[in-house]
Amino acid sequence: MEIHVIADPQELGALAASHVVAAIERNSQAVIGLATGSTPLPLYRAWAASVAESKLDVSQVRGFALDEYAGISPEHPESYRSVITNEVVIPVGLTPEFVRVPPSSATDADAAEYDNAIKAAGGIDLQILGIGRNGHLGFNEPGTAFDSRTHRISLTPETIEDNARFFDSVEEVPTEAITQGLGTILDSRIALVIATGESKAAAVAAAITGEVTTDMPASILQRHPNVIWCLDTAAASQLPAELIGA
Ligand code: GLP
């Protein structure tokens with residue numbers, strides 16, 4: 001496990017993006033797991049800038065989004081399909097047909113097919129992850145089984161509240177989602193987790209140093225062989241000093 005603590009959000013994004021770029025330099029057909037939420041946005045901007053500057057060929061890169069709201073129209077500006085298209089596919093220059101988002105129809109068949117598509121692509125080389133205040137990864141809320149595969153899930157009131165900022169009102173936030181499972185995430189070869197802000201500090205500390213328990217989904221990362229944590233100072237503030245070289 002690597003833990004990087006960097007105060008400046010742009011620098012943090014650049015460091016995180018350097019890991020994504022390195023994965024593509026190792027394999028031009030790298031399979032990248034893509035996260036939504038506001039935290040990875042500086043990474044996506046830095047990745048796009050790096051591609052533009054270095055002329056890195058990303059045309060063969062495969063992408064699999066972590067999750068999608070159930071029942072939302074893919075054309076809705078806050079669907080994760082729209083967010084991934086607008087924040088990642090277009091600015092970075094990925095090939096749209098190679099970037100998948102779980103379908104919002106979110107049936108069991110959709111979920112199984114999505115998991116199989118990841119396996120058929122050779123598995124995820126590098127999974128970008130944010131973390132919820134309650135420790136969720138993707139939309140795997142507390143209580144989700146560690147061996148879960150892609151599945152439909154009900155969102156907790158806390159997550160609905162947190163995501164209301166993207167919608168006109170809390171009533172508009174979908175109450176269910178389809179998400180890669182914790183087992184799917186654990187299968188990734190590299191997990192690149194980004195967390196910023198004081199509101200994530202408790203979840204980050206619990207995930208890294210606490211008990212491995214389904215009450216804290218991100219604690220499953222203690223069982224992942226290759227995790228890179230990219231934290232700002234506030235998100236790292238509840239970690240023991242010896243872990244962050246402070
Ligand atoms: C959503 C996403 C997660 C993300 C989390 C945190 O619930 N499904 O993948 O990690 O929000 O979002 P933010 O980065 O905006 O705090």
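Keep in mind the model is a prediction, meaning the values are calculated, not measured. One-based numbering, in listed order, for ligands and for the atoms of each.
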State the atoms of ligand 1, each with its element, that fall below the 4.0 Å cut-off from a heavy-atom position in [X].
| X | value |
| --- | --- |
| N163 | 1 (C), 7 (O) |
| Y80 | 1 (C), 2 (C), 8 (N) |
| R165 | 13 (P), 15 (O) |
| T39 | 13 (P), 14 (O), 16 (O) |
| G130 | 10 (O) |

Practice problem: For the pair F139 and Y69, name the ring-plane relationship: parallel under 30°, tilted 30 to 60°, perpendicular over 60°. | Solution: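 Because their plane-to-plane angle lies in the 30° to 60° range, the rings of F139 and Y69 count as tilted.
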* Between D67 and ligand 1, which part of the residue brings a heavy atom under 4.0 Å of the ligand: side chain, backbone, both or neither? ->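 The side chain, only.
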| request: With heavy atoms only and a cut-off of under 4.0 Å, state how S38 meets ligand 1: side chain, backbone, both or neither. | output: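 Near ligand 1, S38 shows its backbone as well as its side chain.
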query: Mind checking whether E158 has a heavy atom under 4.0 Å from ligand 1?
result: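 Contact absent.
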Tell me whether K200 reaches ligand 1 (any heavy atom closer than 4.0 angstrom to a ligand atom).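 Yes.
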Check your understanding: Quick one: which of T36, I131, L41, L66 has a heavy atom closest to atom 6 (C) of ligand 1?
Key ->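 Minimum heavy-atom distance to atom 6 (C) of ligand 1 goes to I131.
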- prompt: Do the numbers put R62 on top of the ring of F98, so that NZ or CZ is under 6.0 Å from the six-membered ring centre and no more than 45° off the axis?
  reply: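 Yes, cation above the ring, under 6.0 Å and within 45°.
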**OP:** Starting from the C-alpha separation in whole Å, work towards a yes-or-no answer on side chain to side chain contact (heavy atoms under 4.5 Å, CB included) for T85 and I90.
**Re:** CA-CA 6 Å; T85 299; I90 294 174; 3.9 Å; yes
message: Working note: T179 + H136, criterion side chain to side chain contact (heavy atoms under 4.5 Å, CB included); need CA distance, chi angles, decisive distance, verdict.
response: CA-CA 11 Å; T179 181; H136 73 216; over 6 Å; no
query: Hey, is ligand 1 close enough to G138 that some N/O pair sits below 3.5 Å?
result: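 Yes: some nitrogen or oxygen of G138 is under 3.5 Å from one in ligand 1.
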Next on the checklist: If you measure every N or O of T159 against every N or O of ligand 1, does any of those distances drop under 3.5 Å?
Outcome noted: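 N/O-N/O distance below 3.5 Å does not exist for this pair.
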**Asked** So if you build clusters from Ile, Leu, Val, Met, Phe, Trp, Tyr with side-chain heavy-atom gaps below 4.5 Å, do I6 and W47 land together?
**Response**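 Linked within one cluster.
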Is the CD atom of E161 crowded by more than 12 outside heavy atoms at less than 6.0 Å?
->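 Not buried by this count: 12 neighbours or fewer within 6.0 Å.
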More than 12 heavy atoms from other groups under 6.0 Å of CG on D8: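 Yes.
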Quiz prompt | Closest protein heavy atom to atom 12 (O) of ligand 1, given as residue, atom name and distance to 0.1 Å | solution =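 Scanning the protein heavy atoms, the shortest distance from atom 12 (O) of ligand 1 goes to G37 CA, 3.8 Å.
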query = What protein heavy atom is closest to atom 7 (O) of ligand 1, reported as residue, atom name and distance in Å?
reply =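 The closest one turns out to be H136 NE2, 3.0 Å.
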Is the shortest distance from a Lys or Arg side-chain nitrogen in E176 or R152 to a carboxylate oxygen in the other one below 4.0 Å?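 Here E176 pairs with R152 in a salt bridge, since their nearest N and O are under 4.0 Å apart.
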Check your understanding: Would you say the side-chain atoms of D115 pair up with the backbone N or O of Q180, donor to acceptor, closer than 3.5 Å?
Key ->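 Flag not set: sc D115 to bb Q180 has no pair under 3.5 Å.
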